[in-house]
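Positions are given from 1 along the sequence.
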Amino acid sequence: MTLRPLAVLTAVLALSGCATKPGECDATNRDSSMLTKMNCDYSGGYSDQVKQKEQALSASRQENAMFRQVYENIQAQQLSTKSDLASQQKSQAALNQSLSQLLSSLKARHANESQVQKQIAGLEQQLKASQAAPVTKASPATLAAKQEQLKVLQKKVNQLQFSLGYEE
């Protein structure tokens, strides 16, 4: 009779020694034991991973939407260079705002990636330069220069988006 309680105590101690912390759980690890998988499921390790991936996906979707907004504003700015001064200023302000939002979001999310930070810094310099240059009704030569500037901006934003792995 004393053997049975001893066997139960030994089994409980053995199982409690195999506890898995939620941070150690990896759902893609096919080599982990059934006990480890059960501990991960019970401790919430798998659900924590799912929540983290959902948050990352949500943030990526938001940034992708901001990229689309920047592209729309660049296109509106390109079209407005052929229209009156008031609409040019309005579309320039919308472009500046959407690009600023995108850059600040990317800056915060990718703070430890030096290559991304360099691209962001280049876009910020171009944004500051465009904000410093007043929008005025001008000759066809200045309109062509503005179109070229917008093409360069679009190319830089496209390169940044590609380097982050987002689709257009």
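The distance from the CD atom of Q62 to the CG atom of L57 is 10.5 Å, given to the nearest 0.5 Å. Separation of atoms CD (Q161) and CG (L102) is listed at 8.5 Å; rounding is to 0.5 Å. Taken to the nearest 0.5 Å, the OG atom of S60 stands 6.0 Å off from the CD atom of E63. Considering CD of Q101 and CG of L106, their distance stands at 11.5 Å, rounded to 0.5 Å.
R109 places a side-chain N or O within 3.5 Å of a backbone atom of A56 that can act as its donor or acceptor partner. Remark: the backbone N or O of N96 is paired with a side-chain donor or acceptor of S100 at under 3.5 angstrom.
Taking all atoms of both residues into account, the shortest heavy-atom contact from V70 to L95 is O-CD1, 3.9 Å. In plain terms, the two heavy atoms of K156 and G122 that are nearest each other are NZ-O, 4.2 Å.
Of the options Q115, E113, Q119, H110, a side chain to side chain donor-acceptor pair (under 3.5 Å) to S163 is made by Q119 and by none of the others.
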**OP:** I would like to know whether N73 and Q97 meet side chain to side chain donor-acceptor pair (under 3.5 Å); could you show each step before the answer?
**Re:** CA-CA 9 Å; N73 290 337; Q97 181 184 8; over 6 Å; no
Original post:
Taking it one step at a time, do L103 and L160 satisfy side-chain contact (heavy atoms from CB on, under 4.5 Å)?
Top reply: CA-CA 10 Å; L103 294 178; L160 176 61; 4.3 Å; yes
**OP:** Could you check R68 against N64 for side-chain contact (heavy atoms from CB on, under 4.5 Å), going step by step and ending with a plain yes or no?
**Re:** CA-CA 6 Å; R68 281 193 300 274; N64 209 7; 3.9 Å; yes
**OP:** Let me see the working for Q126 and Q149 under side-chain contact (heavy atoms from CB on, under 4.5 Å), right down to the final yes or no.
**Re:** CA-CA 9 Å; Q126 189 167 356; Q149 180 186 25; 4.0 Å; yes
Subject >> Test side-chain contact (heavy atoms from CB on, under 4.5 Å) applied to M66 and S105, step by step >> reply: CA-CA 9 Å; M66 285 189 265; S105 172; 3.5 Å; yes
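Inspection of the Q154 and N158 side chains reveals no N or O donor paired with an N or O acceptor under 3.5 Å. When only modelled atom types and interatomic distance are considered, Q117 and N112 share no side-chain donor-acceptor pair under 3.5 Å.
In this structure the side chain of V157 reaches within 4.5 angstrom of the side chain of L99, judged on heavy atoms.
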